[in-house]
Amino acid sequence: MFNHPRPSVNQTLRLQEIEGELEIILKREDQIHPDISGNKWRKLKYNFQHAKQNGHQSVLTFGGAFSNHLAAVAAAGHQYGFQTHGIVRGEELETQNLNPTLEYCTKKGMVLHFVSRSLYKIKKHALASVIIDDKYPYVIPEGGTNELAVNGCAEILTSADKEFDTIAVAVGTGGTMAGLIQSTYDHQHVVGFQVVKDIEIPSRIRTFVSNDRWSLVPTYDEVGYAKTPKSLIDFAHCVADQTGVILDPLYTAPMLWHLIKNWKENTWNFGNRLLMIHTGGHQSIKGVNQRLAQQGSSLRWPC
Ligand SMILES: *Cc1c(COP(=O)(O)O)cnc(C)c1O
């Protein structure tokens with residue numbers, strides 16, 4: 001039941017800018033499931049298995065209005081037979097038209113509960129404030145990172161990936177990176193491109209891992225989280241045109257953009273051949289394009 005339907009393949013990224021110098025092999029985790037994208041499937045696998053084994057009938061989680069995690073939980077609940085509940089940050093959203101992410105969640109059967117930002121900050125209080133028909137939902141934290149999620153992400157790398165010294169991944173909460181770190185061989189180093197400013201990421205990762213073969217590279221200063229500047233959109237088009245790969249606006253595009261920038265500026269310290277995880281996240285593109293249109297921009301993220 002909890003098997004991903006499609007294999008994860010490694011694909012060489014052929015980009016003119018780096019051809020013959022920097023070798024990037026993309027692990028296409030974005031293709032392993034049609035609805036539950038990339039690392040989110042990995043993170044949810046053992047959580048849903050646990051929920052099923054323990055007789056839970058519903059799953060509850062938290063997220064912002066454009067959250068990939070929320071969309072993944074809704075899709076997984078739909079597929080595996082759970083009622084899902086999403087506690088969404090921002091009570092003002094209740095009276096607005098649903099954005100594509102929240103509309104998708106609803107279509108997959110998720111019940112949305114909108115709470116104020118202050119209430120949302122303290123998850124226990126947010127949880128206590130919503131009325132649901134199930135007393136014992138299985139609760140998954142915001143972003144989905146817990147021990148079971150990390151165990152799922154430890155299955156991303158296979159023994160065939162042993163040949164790589166450097167593994168690159170985009171970091172939101174750090175759960176995916178923690179799983180990768182846990183599953184590396186002694187000669188491997190994991191580089192996480194941190195897209196959000198969250199000072200708790202290193203300590204969170206340390207609670208799950210037992211080696212120090214990892215580094216964080218911040219990307220939020222230059223690209224900004226969820227800002228999608230023109231330079232990033234142009235870059236995503238360039239990658240799509242040359243390689244056929246669609247990157248997502250929040251995680252994988254900032255990661256690759258930043259890597260190439262560091263490479264050009266000679267500030268990249270992690271080798272010239274790397275395995276980069278495409279963690280998916282395509283569901284956010286619709287919302288980004290809708291926002292660009294609303295702002296009167298003629299730019300669109302490739303899709
Ligand atoms: C959620 C997400 C991440 C971040 O995963 P964490 O485990 O929270 O660090 C990376 N890439 C994509 C596409 C995501 O949706």
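Both ligands and their constituent atoms are indexed starting at 1 by order of listing. The model shown is predicted, which means the values in this text are computed figures rather than measured ones.
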Lys108/Asp35 under salt bridge (Lys or Arg N to Asp or Glu O under 4.0 Å): CA gap, chis, key distance, verdict: CA-CA 10 Å; Lys108 291 288 179 185; Asp35 293 320; 3.6 Å; yes
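A tilted orientation is assigned to the rings of His56 and Tyr138, their planes being inclined by 30° to 60°. Using cut-offs of 30° and 60° for the angle between ring planes, the Tyr185 and His187 rings count as parallel.
In this structure, Thr252 does not count as a contact residue of ligand 1, since none of its heavy atoms falls inside 4.0 Å of the ligand. Ligand 1 lies out of reach of Gly38, whose nearest heavy atom is not under 4.0 Å from it.
Per-residue contacts place Thr279 under 4.0 angstrom from the following atoms of ligand 1 (heavy atoms of the residue considered): 10 (C), 11 (N), 12 (C), 13 (C). Listed by number with element, the atoms of ligand 1 under 4.0 Å from a non-hydrogen atom of Gly281 are 13 (C). Close approach of ligand 1 to Val171 (heavy-atom distance below 4.0 Å) involves ligand atoms 9 (O). Counting atoms of ligand 1 from 1 in the listed order, those under 4.0 Å from a heavy atom of Thr176 are 5 (O), 6 (P), 7 (O).
What sits closest to atom 4 (C) of ligand 1 on the protein, heavy atoms only, is Gly172 N, 3.4 Å. Counting protein heavy atoms only, atom 5 (O) of ligand 1 is closest to Asn39 ND2, 3.0 Å.
For the pair Asp234 (side chain) and Ser231 (backbone), a donor-acceptor distance under 3.5 Å is absent. Gln188 places no side-chain N or O within 3.5 Å of a backbone atom of Glu163 that could act as its donor or acceptor partner. Distance alone, capped at 3.5 Å, is enough to place a donor-acceptor pair between the Gln242 side chain and the Gln16 backbone.
Looking at heavy atoms from C-beta onward, Gln49 lies out of side-chain contact with Leu44 at the 4.5 angstrom threshold.
Considering each of His278, Lys40, Lys43, the one bringing a non-hydrogen atom nearest atom 1 (C) of ligand 1 is Lys40.
Identified under the salt bridge (charged side-chain N to carboxylate O under 4.0 Å, His left out) test for residues 70-89, with sequence neighbours left out: Arg89-Glu142.
For ligand 1, the polar-atom distance check against Tyr251 finds no nitrogen or oxygen pair separated by under 3.5 Å. Where the criterion is an N or O separation shorter than 3.5 Å, residue side chain and backbone included, Asn68 meets it with respect to ligand 1. For Gly143, no nitrogen or oxygen atom sits less than 3.5 Å from a nitrogen or oxygen atom of ligand 1, counting backbone and side chain alike. Residue-to-ligand polar distances place Gly174 within reach of ligand 1: an N/O pair is separated by less than 3.5 Å.
Lys197 and Asp221 are not joined by a salt bridge, as no carboxylate oxygen comes within less than 4.0 angstrom of a charged side-chain nitrogen. Using a 4.0 Å cut-off between a side-chain N of Lys or Arg and a carboxylate O of Asp or Glu, Asp161 and Lys27 qualify as a salt bridge.
Within the 4.0 Å heavy-atom criterion, both parts of Thr173, backbone and side chain, lie near ligand 1. Contacts of Leu250 with ligand 1, taken as heavy-atom pairs under 4.0 Å, are absent altogether.
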